[in-house]
Amino acid sequence: MKDTVPATIYFNILGKENCKKIHEASLTIMDEIGLQIKGEQVLQLLLDHGARTAGDGRVRIPVSLVEQALKAVPGEFTLFSRDGEPYVQVNKDNTIFGTHSDQLEILDPFSGKARKFLRKDTKLMSTLAEYLSNIDFVLSVGLSSDVPTRYQTQAAFIETVKNFRKPINFSSNDLQGLKDVLEIAALVAGGKKKLREKPFVFYYCEPIPPLSHPEASTEKLRISAENGIPVVYMPYCMLGGTAPITFAGALAQCNADVLTGLVISQLVHEGTPYIYGAMPSIMDMRTTVGSYGAPEFALLTAASSELAHMYGLPFYGTAGTSDARFIDEQSIAEVTMFCFAALLSGSNLVHDVGVLDHCINVAPEMVVLADEIIEMLKHFVQGVKVNNEELALDVIKEVGPGGHFLTTENTASKFKSIWYPQLFSRKMKNEDSSEMKDKIHAKINSALEHHQVPSLAPEILKELEKWEKLFNN
Amino acid sequence: MELKAIYECVLTGERDQIEGVIQRALSAGCRPADIINNALIRGMDEVGRKMKEGDMFVPEVLMAANTMKIGLQAVKPLMEGEETEAPGKIAIGTVSGDLHDIGKNLVVMMLEGAGFKVIDLGVDVSKDRFLQVIEEEKPDLIGLSALLTTTMKTMGETVQAIGGKVKTMIGGAPVTEDFADEIGASGYAPDAVTAVDLAKSLIF
Ligand code: B12
């Protein structure tokens, strides 16, 4: 099982009382203002259990349904590796980070150019993510430009699972994509039942803020809940565009959308694992971009983590993202800020590491850099232990005024608990120009050369080939 | 003098003031066509320019667009008999399978602000619906929005189906100029302000 971040220090953005106020505002939104919810089966289920519709076509969800759902949902579950080994305990205390195994574009580490994502790049992303110790899952989305759209979801997943053993988060273009991936995942796990018992995949879907849950979204929720696959339901909203410009209002609306997903998932299948996701960002009113690097985005994501934890739910966070298209001063600053916020707010499954250009590309080099940044920050959030051993008065006494600690037993036995960077330089005499790019490239090359993920069993590969025939050209 | 006041009113987005300022201009003998062409439209041109330069923000631009719309409504009834350029009618929607709409909404509001008559078809608009609207409403231009690779394909099919019936302009984050050429759309714009310039160049 993965050792997760041993964090001891956290920050609170809201505090208990404000969390409660936002919760109550969300309940008012659900019960009084109402939401747009489509999809016959899900709608009927809601109505059968006390939700109401009126002439305005909105659905109103009573507090009691939210309370029941909160009681039914587990606060903890295990994600497994591809091979059926327990990989990580997902709950409100552990933090792990993930990147993408595919995206619309890739910032090609070899040419330095952003270009369309190709199917072969999935192997690079998956291998790298498998290799880096601070990256524990990938998000497979299905965007390779050289695969027919009908099979993008399936192709991305297959390419990922062949090259990645850690848990896989996936989304799909449509319902068929979801159903197909569940079938493929069952193949790998050794059957539907095994997949349900030991999920190595979890699904990602979303409503359309403000307060709209179209059939495609609710059906995705329903199918994943029915299959017992852990699901993240995450509103991405833009303050001033698809959410109020005021922070508290945006959080309340966002929370109402997440709670609505929770109610649906628990009505479909009581006890199905549900991960609280939220991406409340801002709309840049100068350029109309939905930001992936704004401080308000980091702040409100951290606040949402606190809301999730109030409910005892794991939080699907965001970090390591930027609005800049390249690895530069801006992207590194934004990535670092967001990773720090994710750790300090105790976000649990933190996605999108290395996603740049406001969610248009993914940059392998940034993923490598973020791996180092996360490691650095972990050494911050470990906090300070205070006990006799750590106070080390005996050692201070032994050395005394004017002495040194270089040769003490204490230093010799403990100096390795201090962090030693792999990429960052602390040379006494630093070079005349930065070596960083070369070091990052060396790491990527080394991952590609030496880190072969064991191949899947021949029977499984054979089955996968049948799928691959559908989209191989 | 009076025209300048109208121009300023649009620029600062004073929705409550615009009708009064226009009345004053009319009383002072300004011709409606002058009010439209030399005050309202010039005001919005300046707004577009300022937005591009980063000097104006979306909410301000939308307020200006709204002011322009109110102004137009006040002056138009007086235009009978006078020579004016037909502003043009545009039908716009997000293509089938795609639910992204905030970008399209911005384009709609900006076009309205520039004086176009806009029919907003909403999201998830099928090829047949576009064809039906062309038949029934006879728009001068069709706008299509798509943000997904899957729906860009649909966009191509829709543009193909529209063929030479009416000009098409396309947009949405992953859409490019090259893609517009590839599918035979008449034009592409990367943002809402440019969309207005594009619409003007395609219609006039
Ligand atoms: C916000 C957002 C959403 C919101 C949409 C909310 C809404 N009401 O619109 C939500 C969260 C619901 C969403 C859902 C999904 N999204 Co989305 N989303 C985005 C995001 C982050 C920003 C888009 C946006 O609104 N930008 C702000 C607006 C103002 O900009 P804009 O839309 O580009 O519009 C401007 C211009 O493009 C232009 N324009 C737009 N339309 C038109 C039309 C004409 C005629 C003209 C001339 C100009 C023009 O003018 C506008 C104003 O300046 C983008 C990432 C990105 N950077 O684009 C991903 C993105 C578009 N989404 C993506 C995906 C994959 C999805 C989902 C499939 C995710 C999933 N697996 O569930 C779903 C699909 C839902 C569906 N069926 O449509 C991908 C698309 C990849 C692809 N090309 O296939 C992107 C690129 C993110 C990514 N890399 O993964 N999304």
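In this text the structure is predicted, and so the values were computed from the model without any measurement. Below, chains carry the letters A, B, ... as their sequence lines are ordered, and counting in each starts from 1.
In this structure, Arg325(A) pairs ionically with Glu105(A), as a charged nitrogen and a carboxylate oxygen lie closer than 4.0 Å. The residues Asp197(B) and Lys52(B) are annotated as salt-bridged, a charged nitrogen and a carboxylate oxygen being separated by less than 4.0 angstrom.
The residue among Asp55(B), Asp124(B), Asp191(B), Val58(B) with the most heavy atom pairs within less than 4.5 Å of chain A is Val58(B).
Contacts between Gln152(A) and chain B at a heavy-atom distance below 4.5 Å involve the side chain alone, from C-beta outward. When heavy atoms are compared at a cutoff of 4.5 Å, Ile245(A) does not approach chain B at all.
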**Asked** Between Leu131(B) and Lys165(B), is a side-chain contact (heavy atoms from CB on, under 4.5 Å) present by the stated rule, with each step listed?
**Response** CA-CA 9 Å; Leu131(B) 293 176; Lys165(B) 286 194 188 72; 4.2 Å; yes
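Between the side chains of Glu136(B) and Gln132(B), at least one donor N or O sits under 3.5 Å from an acceptor N or O.
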